[in-house]
Amino acid sequence: MTDQAAETATTNPVVSNFIRSRIDEDCAHKTYGRKVATRFPPEPNGFLHFGHAKSIFLNFGLAQDYLAQCPQSLCNLRFDDTNPTKEETEYVDAIREDVAWLGFDTSGREYYASDYFERLYQCAEQLVHAGLAYVDSQDSESLRATRGTLTEPGTNSPYRARSIEENLDLFRRMRAGEFADGAHILRAKIDMAAPNMNLRDPAIYRIRHAHHHRTGDAWCIYPMYDFAHCVSDAIEGITHSLCTLEFTDHRPLYEWFLDRLAELGAFNRPLPQQIEFSRLNLTYVVLSKRKLIQLVNDGHVDGWNDPRLPTLKGARRRGFTPTGFKLFADRIGISKSDSLIDYQVLEDCMREDLNERAERRVAVLNPLKLVLTNFPENHIEPCFAPNHPHHAELGKREIPLSRELWIEREDFMIEPTKGFFRLTPGKEVRLRYGYIIKCTGFDRDESGQVTQVYGEYDADTKSGTPGSETRKVKGNIHWLSCAHSVPAEIRFYDRLFRTAAPGGRQEGDAPDFERDFLTDINPNAKQIQVGRVEQALAHCPAESCYQFERNGYFVADQFDHTPGKPIFNRTVTLRDSWSKN
RNA sequence: UGGGCCGUCGCCAAGUUGGUUAAGGCACUGGGUUUUGAUCCCAGCAUACCUAGGUUCGAAUCCUAGCGGCCCAGCCA
C-alpha cells in the first residue's frame, strides 16, 4: 500500500453493500479460507476513465479492507489482452500509471491474460477431448443466421457432430496456422435453443493472424473473453470476480466453463464466482470508449489527457485528486440499480479534498487596476496572509501592498445590483489582509468599459492591527500589487457537455430522431486568460494545487507550467451561494 | 414480444432469515461562527419503501397480478 492509499483508506467509514455481504458470508463459511482475491481487468485498448476509478477502488479497496481478517487478500491488475488487433503497449503503461496514481501499488501483482495462452489452449483441448467443444467451419454470416433471435431458438451447426478426433485435429491445425482468419472457430457445445443467447454454442477461439503486443507471432488463434476471463480468474486464484451488470447474462457461461474444467481436473474447487454491480453513469459526460475515442480523434479535445475529458489522465491534469475520487467512490456506493450520478457530486468530492489540502494563494484572474490616490507613491506595506485558514501551523506569507493594485473586474460595479456588496462608487470595502478603502471614482473608455478605479485607504484599519476589528465592512475583496505580481496563463475549464445526457433526447425531438452527442459539446468548456498571481507562484512545481481565494481551486499544469511561463488550470470553482441567485 | 437484472426522500444508498418511531451521505432549507458571498458548526428534511390486491397480531421485507427502466442476437470486452 502506498502512502496515498493509506491516506485514502482512512478517509471514510465503510458502508455496507451487497458484495461485502456476500464476502462476509464466504468468510463466515470459510468458503475460500482466509482470502479475498479480486482483480481489476482492463483491456489495454484505451485509457482509463472515471468509471474505471469506481472499479479500481472497489476491487483494490476490498482486498485492502479484508486484509485484517483475511491475511491472504489481494487484488491483481490483469491486462485482458486476448484480442491482438485492438491492444497496444502504450495503453498498458498508461493504465499502470493511472492505477498507481490512484494509490495502488501493483508491483508484483501485474498479470496478463496473454501469459495464460498456453494454459488456456490446454483447457480448450480438454473440452474438445470431453466432447464439450467443437470446431465449426461456417462463415460468420451462417453463424449469425443459425444463432436464432431473442425470441426464436437457433439451429445446430452442420459441423456440430464432428468426431472428437476430427475436432482435435482441426483445432491443432488451427493453432499450427494452417487456416486463414475466419475459416474455423472453436465453439462450446451447449444449447442452440437456450433462451440465454450466450449459451448458444458460444465461440471459444478464433483465428487471427495478427501480431500480439506481448506474444508477438507465437499465436494465430486467440481465446474469447468468456473463456479467457473465467480461466484467468481460476489460474490466479481469484475468489470474487467483480464486473458490471451487462455481464450478468454471461455468468452461466462463466460457471459452465469452470465447472466443466474442474470436473476434468483442470482446476480445484472452490472456484471463483462472478458478481455484477452497476456501472457508473455521470451527468454531463460520456464514458463510452467509442465516444471518448471520437472526441480525441476528431479534435474536439487536445488529446487523452485533456482536462475536459473524464479520463484519469485528464482528471489528473485538471487537478482532480486520488483522494477526491476515493471520496466519490465511497459516496456513490455499490449496488445493482441503474444510477445516474450528478456531476456535481464528483466536483463536491474534489472540493472537499482540496479545501483541506490546498494552501491558499491570491490570484486576480480578470484584472482591473485600482489606484489608491492617498497611498504614498513609493511605499510598500507588507501584509500577511495565512496559508491555510484551518491550519495555522502552515504559517503566513507576506503580500506587499502598494499604491497601484489589481483587483477582480467582477468585484467592481458602477451601479450595484441588489445584494452586491463589493466595490462600488462611494462605498467601502476591505482589501483582504489589508486596509478598508473607499471607492472615489473610475475611468471608462469610449465603449463604456471601466479602465481604472480610484480609491482612498484608511490608514487606521490595517488587518491584524489593534482596533482594526472594530470597523466592520461587509465587502472583502482580494488584490495584488501591480509591481509585486506576475502574469500567469489561466485555463478555465468547465464541463465538456452542456446537457446532462449528451446525445440524449430533448424536448421537441422527433420520436425517431437520434441526437449526435457531439452537438451537445460545450464550446466554452475551455477558455484561456492571462491573470495575475503572487510572484512565488511562478516557481511552484507542476501539479501543485492551490485555492486561489474567492476564486476556486487551481493546479499548476502538469506539462506546460514553467517558472518563465506559469500556467494554472482551474480544477473547480468554489461553491458560490451568491452567483446562484 | 424469449431470457436476465433493477425499482426505498431531488441524487446516491443501508435495511430484504417479517417485529419498537425506515440508517447514512449529497443536495436543499433555516440559524450560528467567519477579514474567502468559501470553510466550519447546529437544526430541519420519506406515517413512507413502483402500483394494486393478499397472507399476518405485525411487511419495504413473504405471496399474486400489474407498471416502469436497463442489458443480451461480435469470430469485441
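Sequence lines set the chain letters: A, B, ... in the order given, protein chains first and strands last, and positions in each chain run from 1. Everything quoted here is computed from the prediction, not taken from an experiment. The analysis underlying the following values was restricted to heavy atoms, covering all of them including side chains, and did not include hydrogens, waters or symmetry mates.
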Need one value for [X]: base, sugar-phosphate or nothing, where a base atom within 4.0 Å counts as base even if backbone is also close, heavy atoms only.
X      : result
A:F384 : nothing
A:S337 : sugar-phosphate
A:Q138 : base
A:N476 : base
A:H390 : base
A:L431 : nothing
A:D80  : sugar-phosphate
A:L143 : base
A:G552 : nothing
A:T82  : sugar-phosphate
A:Y433 : base
A:I332 : sugar-phosphate
A:S339 : sugar-phosphate
A:Y222 : nothing

Could you check which of [options] has an atom nearest any side-chain atom of [X]?
X      : options             : answer
A:K86  : B:C76, B:A38, B:C70 : B:C76
A:L340 : B:C72, B:A38, B:C12 : B:C12
A:D342 : B:C11, B:G3, B:A77  : B:C11
A:H250 : B:C26, B:A77, B:U35 : B:A77
A:D249 : B:C72, B:G37, B:C76 : B:C72
A:P195 : B:G2, B:G25, B:A23  : B:G2
A:E43  : B:C76, B:C71, B:C26 : B:C76

Exercise. Can A:E43 and A:N83 be said to form a side-chain hydrogen bond (donor to acceptor under 3.5 Å, both in side chains), step by step?
Worked result: CA-CA 9 Å; A:E43 181 186 13; A:N83 186 344; 4.9 Å; no
For [N] and [X] - does any side-chain N or O of the residue sit under 4.0 Å from the phosphate oxygens OP1/OP2?
X      : N     : result
A:R550 : B:U35 : no
A:S577 : B:A38 : yes
A:R251 : B:G4  : no
A:R147 : B:G74 : yes
A:K474 : B:G37 : no
A:R208 : B:C76 : yes
A:R206 : B:A77 : yes
A:S335 : B:C6  : no
A:R575 : B:C28 : yes

For this session: Check the pair A:F50 / A:F328 against side chain to side chain contact (heavy atoms under 4.5 Å, CB included), numbers first and verdict last.
Result: CA-CA 10 Å; A:F50 294 178; A:F328 179 68; 5.7 Å; no
Expressed as a whole number of angstroms, how long is the span from [X]:[atom1] to [N]:[atom2]?
X      : N     : atom1 : atom2 : result
A:N17  : B:C12 : CG    : C1'   : 13 Å
A:R39  : B:A77 : CZ    : P     : 15 Å
A:K462 : B:U35 : NZ    : C1'   : 14 Å
A:Y254 : B:C5  : OH    : C1'   : 19 Å
A:I19  : B:C5  : CD1   : C1'   : 14 Å
A:Y284 : B:C11 : OH    : P     : 14 Å
A:D348 : B:C40 : CG    : P     : 11 Å

Determine the interatomic distance between [atom1] on [N] and the same-named atom on [M]; round to the nearest Å.
N     : M     : atom1 : value
B:A73 : B:G4  : C1'   : 14 Å
B:A27 : B:U64 : P     : 42 Å
B:U56 : B:C41 : C1'   : 47 Å
B:U51 : B:C11 : C1'   : 23 Å
B:C12 : B:C45 : P     : 23 Å
B:G68 : B:G25 : P     : 35 Å
B:U61 : B:U55 : P     : 15 Å
B:C70 : B:G58 : C1'   : 35 Å

Exercise. Below 6.0 angstrom between ring centroids: does that apply to A:Y433 and A:H478?
Worked result: no
Problem set entry | Validation row, ring centre A:F548 to ring centre A:Y553 under 6.0 Å | no
Exercise. Taking NZ, NE, NH1 and NH2 as the nitrogens, is one of them in A:E352 or A:R331 under 4.0 Å from a carboxylate oxygen of the other?
Worked result: yes
Exercise. Between A:E534 and A:R397, is there a side-chain N and carboxylate O pair less than 4.0 Å apart?
Worked result: yes
Exercise. Does a donor on one side chain and an acceptor on the other come within less than 3.5 Å for A:R162 and A:S137?
Worked result: yes
For this session: Could you tell me whether B:G74 is syn or anti, where syn means a glycosidic angle within 90 degrees of zero?
Result: syn
Problem set entry | Nearest-nucleotide 5' precedence on RNA chain B, A:L150 against A:P42 | A:L150
For this session: Measure the distance between the ring centre of A:W578 and the centre of the six-membered base ring of B:G37, then answer whether it is under 5.5 Å with planes under 30°.
Result: yes
Seminar exercise, completed: Per ring-ring contact (aromatic ring centres under 6.0 Å, His included), A:F79 is matched among A:F40, A:Y112, A:Y116 by A:Y112
Problem set entry | Geometric cation-pi criterion, A:K291 with A:F517: 6.0 Å, 45° | yes
Exercise. Paired with B:C28: which nucleotide, if any, by Watson-Crick or G-U wobble criteria at under 3.5 Å for both distances?
Worked result: B:G44
Exercise. Watson-Crick or G-U wobble partner for B:C70, using a 3.5 Å limit on both distances?
Worked result: B:G4
Exercise. Does any N or O donor sit under 3.5 Å from an N or O acceptor when you compare the side chain of A:Q547 with the base of B:U36?
Worked result: yes
For this session: Sequence neighbours left out, what passes side chain to side chain contact (heavy atoms under 4.5 Å, CB included) with A:A329? Give chain and number order.
Result: A:F57
